[in-house]
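Data block below; observations after.
Numbered from 1 within each chain, the chains take letters A, B, ... in sequence-line order.
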Amino acid sequence: MNLERFLNPEQYEAVMETEGPLLILAGAGSGKTRVITYRIAHMIDIGISPYNILAITFTNKAAEEMRKRVDDIVGFGADSIWVSTFHSTCARILRRHIDLLGYNSDFSIYDTDDSKKVMNDLLKKHGLNPKEYPPKMILSTISSNKNEMVTPEEYESFAKEDYEKKVSFLYREYEKVLFDNNALDFDDLLLLTVELFKKNKDVLENYRNRFKYILVDEYQDTNSVQFAFVKLLADKYKNLCVVGDDDQSIYRFRGANIRNILDFEKNYPTAKVVKLEQNYRSTENILNAANAVIAHNIGRKEKTLWSARGDGSKIHFRQFSSSKEEAMFVADDIYTKVRRRDALRNDIAVLYRTNQQSRELEEAMLRENIPYTIVGGTNFYSRREIKDILAYLKTIANGNDNLNVERIVNVPKRGIGETSLGKARMYAENNEISLFEALLHADRIPSIGKAADKMRDFASDIILFRERIAEGEFDEIPEIISELIDKIKYEDYIKENEDKDDANDRLANIDELISKAAYFEEKYAQENPEAEKGPTLQEFLNDVSLVADIDNADTSLDRILMMTLHSAKGLEFSHVYIVGMEDGLFPGERSITSYNSEDIEEERRLAYVGITRAKDDLTLTAAQSRMARGQWQNYPISRFVREIPSELLDSDTKFKKSTAEEIPMQKSKYAPTGVYGGYLRNSSSGTSNTIPGGVPYASTGLLSKGKPKATAKVNITPKTDSSDSKVETNYKTATVQAKAKPLGFTKGSDLKGSINYKVGDRVRHIKFGEGIVKEIDDSGVNTYVKIEFDQYGQRILDSRFTKLTVI
DNA sequence: AACCTTGGTGTTTTT
DNA sequence: CACCAAGGTT
């Protein structure tokens, strides 16, 4: 391969140094991905076996992309490189060897919600007041301990105050519950792998010999336990290449230790260092702005990023009176750009500090009819119906997992109530068996009555599935899911308990889960070409537990992307908007008042990451007031905007002197048309709400169609709220009690137009095969497509998720 | 046992 | 404001 043609001298050096420790300091946009992929390709080219390479990436998406790119260059062998994230790598290792640590290889992986549930139960059990011992805080202490590899015993010996002693007690108890449930939380995946290696030298030796060459991307965001993991593996051959940029370290809150990258040369004295300082991504104006901002941080590795792309346009800054105005501006600006063909939709991103900011932006995009995808927020996998089905699958895989058993034992309702369940719990505890075991032998539970039969039926259904899977009766995971849903009559349950739209929504989500399983099978077959069997249920559940929000974002669609600054790491867009540039929001209140200067510096690094996502055009916006915590907050313009030299800025507001008061407000040109406003609660809470500014959403089509479930009480009174006083419309405030659709539908809400099939078309679906489009229903919030499949019969699919190809 | 209402409370960012 | 948990009602 003649690589010098494709690489600059520094990149070339980084590619060629295959032996020994190497630190690549890769500034933003400096062609890092290019270097990594060429490096791996080169290694294979000079005869290093792909089998001996381990590459750790930050997201699964990045892993997939890297594999694809290497494949494009070398054309073979890329599939036997082990490319994945820290968490997935560790999960995979643990599935093989965790029995050495006393766990069972069918362990469940608990997400944050699960951990919270465990902690709440513990507090209740020990009569501790959640106000005195906030579960969130305790869990975060536990998490930090795990990331620093501090055991409950060690923490106990540090603990001086009563509070700390209680926390150490809870830490110990929490670990016990997880162990008893045969469950691991995210931190355990890393921690236990390190423990495994330390305790079992032969296992470690095995992996050391396998992974002779190790590459870690985004090294600035590794934490102590990840460092330990890498060090253990790399210590024999020391062919460790780490790539990172200390200026882009943004995960301190989850234990990332910036010293890992700053001290790399100390830890590996023979290390070579290569600096990549030419930025190929951004215009000079954008890069200079980023450099100016980050220069305010102290204690960084000195580097000067430069670009040869020319000045480009200036950085736009606008301040608005409210966050609503801000959102409308962004939507309007995007609309104009796309219409004038200045930008393609999938080359535009809107970035924000907190997920809740996505709400108003979403409304604005809907109003301007701009197709968008929101990354993150309410995760697909945290939807009720998905969690239910997954809880079944997890129970089938791991019967010791009491948490998941509790979730589904009476869902769908099968007449097992709280009272009888309490007795089963008691019985399980007294006999030191799992809850599932107790249910299976429910007839032995004293004074339990009729519920015993129901319990036994439930447990034996689960066992039947387990046995049939073990005997290889199912060819593919989607079949397990489909049959499970039939068996427990989940569809009927949904249809009985929800109105038509909601039921459709949930059923479509379940179909989407089946599609995901089918996609997983496909991916697995590609990555394991020699495998005779498909992936196991555990492997699928693994994958599901460890997906990042960004992993699911399909960047090829003709939609703009909206996400947090954190999620945007590693991505690039031609046009970038960063909204909410306000002191108090970004940087956040806490980092401003914190006396630890690290906090504000991390926010600044986040700003740096955000700015450097932009290739050609960057727009920063701020609002003078926005609603937060139920109150209007008035924030001044972010210091990060003020740190950008004024000659780089295009702004019709003069704010160099840097206080918000001096800035004239933008006049609104977005007079509302009478349909505007806040959110209705969904039915489960059912209380009345004030809709600031107008008729409830029903008339915008955002509410689920059809009549409200509860009686709608709509009192319209003149609006007196001052927030919209600039807008000359006849505003009303409405108090309604209604069955409403929460606006939080994310993951790429669709807008009409991006569907490329019509009634009568013959289409192909990844799992259900071929079929004919019978009906396209876009009367409600989302568009549903009814399809008659040749093999699977009629199904209703949600167009937001379903990818159908017209044949 | 299931549904509805009320009240209390919390504040980034994510695997 | 929005979420969640506890208590009250059918």
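Side-chain N/O atoms of N355(A) include one lying less than 4.0 angstrom from OP1 or OP2 on dT13(B). Distances shorter than 4.0 Å separate none of the side-chain N or O atoms of N60(A) from OP1 or OP2 on dT15(B). A close approach under 4.0 Å does occur between a side-chain nitrogen or oxygen of T419(A) and OP1 or OP2 of dA1(B). Residue N120(A) has no polar side-chain atom (N or O) positioned under 4.0 Å from OP1 or OP2 of dC4(C). In this model, the phosphate group of dT15(B) is not approached by any side-chain N or O of T112(A) to a distance below 4.0 Å at OP1 or OP2.
Between the R456(A) side chain and the A442(A) main chain, no donor and acceptor come within less than 3.5 Å of each other.
Rounded to whole angstrom, the span from the OH atom of Y608(A) across to the P atom of dT13(B) amounts to 24 Å. Distance R626(A) CZ to dT12(B) C1': 13 Å, rounded to the nearest Å. What separates OH of Y110(A) from C1' of dT15(B) is a distance of 17 Å, to the nearest Å. Atoms NZ (K131(A)) and P (dA5(C)) sit 14 Å apart, rounded to a whole Å. Remark: P of dC4(C) and NZ of K117(A) are 13 Å apart, rounded to the nearest angstrom. As rounded to whole Å, 10 Å separates atom P of dG10(B) from atom NZ of K136(A). Protein atom CG of D113(A) is 10 Å distant from nucleotide atom P of dA5(C), rounded to whole Å. Straight-line distance from the CD atom of E603(A) to the P atom of dT13(B): 11 Å, rounded to whole Å.
At a threshold of 4.0 angstrom between heavy atoms, the contacts of S567(A) are confined to the sugar-phosphate backbone, with no base atom among them. Across all strands, Y251(A) comes closer than 4.0 Å only to sugar-phosphate atoms, never to a base (heavy-atom distances). At the heavy-atom level, N410(A) lies under 4.0 Å from the strands shown only through sugar-phosphate atoms.
In this structure, of dT13(B), dC3(B), dT15(B), it is dC3(B) that holds the atom nearest to the side chain of K413(A). Set against dT13(B), dC1(C), dC3(C), the side chain of M627(A) has dC1(C) as its closest nucleotide. Nearest nucleotide to the H87(A) side chain, out of dT14(B), dT15(B), dC1(C): dT15(B). Distance from the side chain of K124(A) is smallest for dA6(C) among the nucleotides dA2(C), dT14(B), dA6(C).
H566(A) and F253(A) have perpendicular rings, their planes meeting at more than 60° on a 0 to 90° scale where under 30° would count as parallel. Ring pair Y251(A)/F58(A) is tilted by interplanar angle, where 30° to 60° counts as tilted.
Checked against the 6.0 Å centroid criterion, the rings of Y493(A) and Y490(A) qualify as a close aromatic pair.
Taking the P atom of each, dC4(C) and dT13(B) are spaced 14 Å apart, rounded to whole Å.
Map G588(A) and I416(A) each onto its nearest nucleotide of DNA chain B; the residue landing nearer the 5' end is I416(A). Comparing T85(A) and G415(A) against DNA chain B, the residue whose closest nucleotide sits nearer the 5' end is G415(A).
Residue side chain R590(A) does not reach the base of dT12(B) through any donor-acceptor N/O pair under 3.5 Å, judged by distance alone.
Put simply, the residue from L190(A), T193(A), N542(A) that forms a side chain to side chain contact (heavy atoms under 4.5 Å, CB included) with L94(A) is T193(A).
Ring stacking holds between F253(A) and dT13(B), with the centres under 5.5 Å apart and the planes within 30 degrees of each other.
R95(A) and E539(A) are not joined by a salt bridge, as no carboxylate oxygen comes within less than 4.0 angstrom of a charged side-chain nitrogen.
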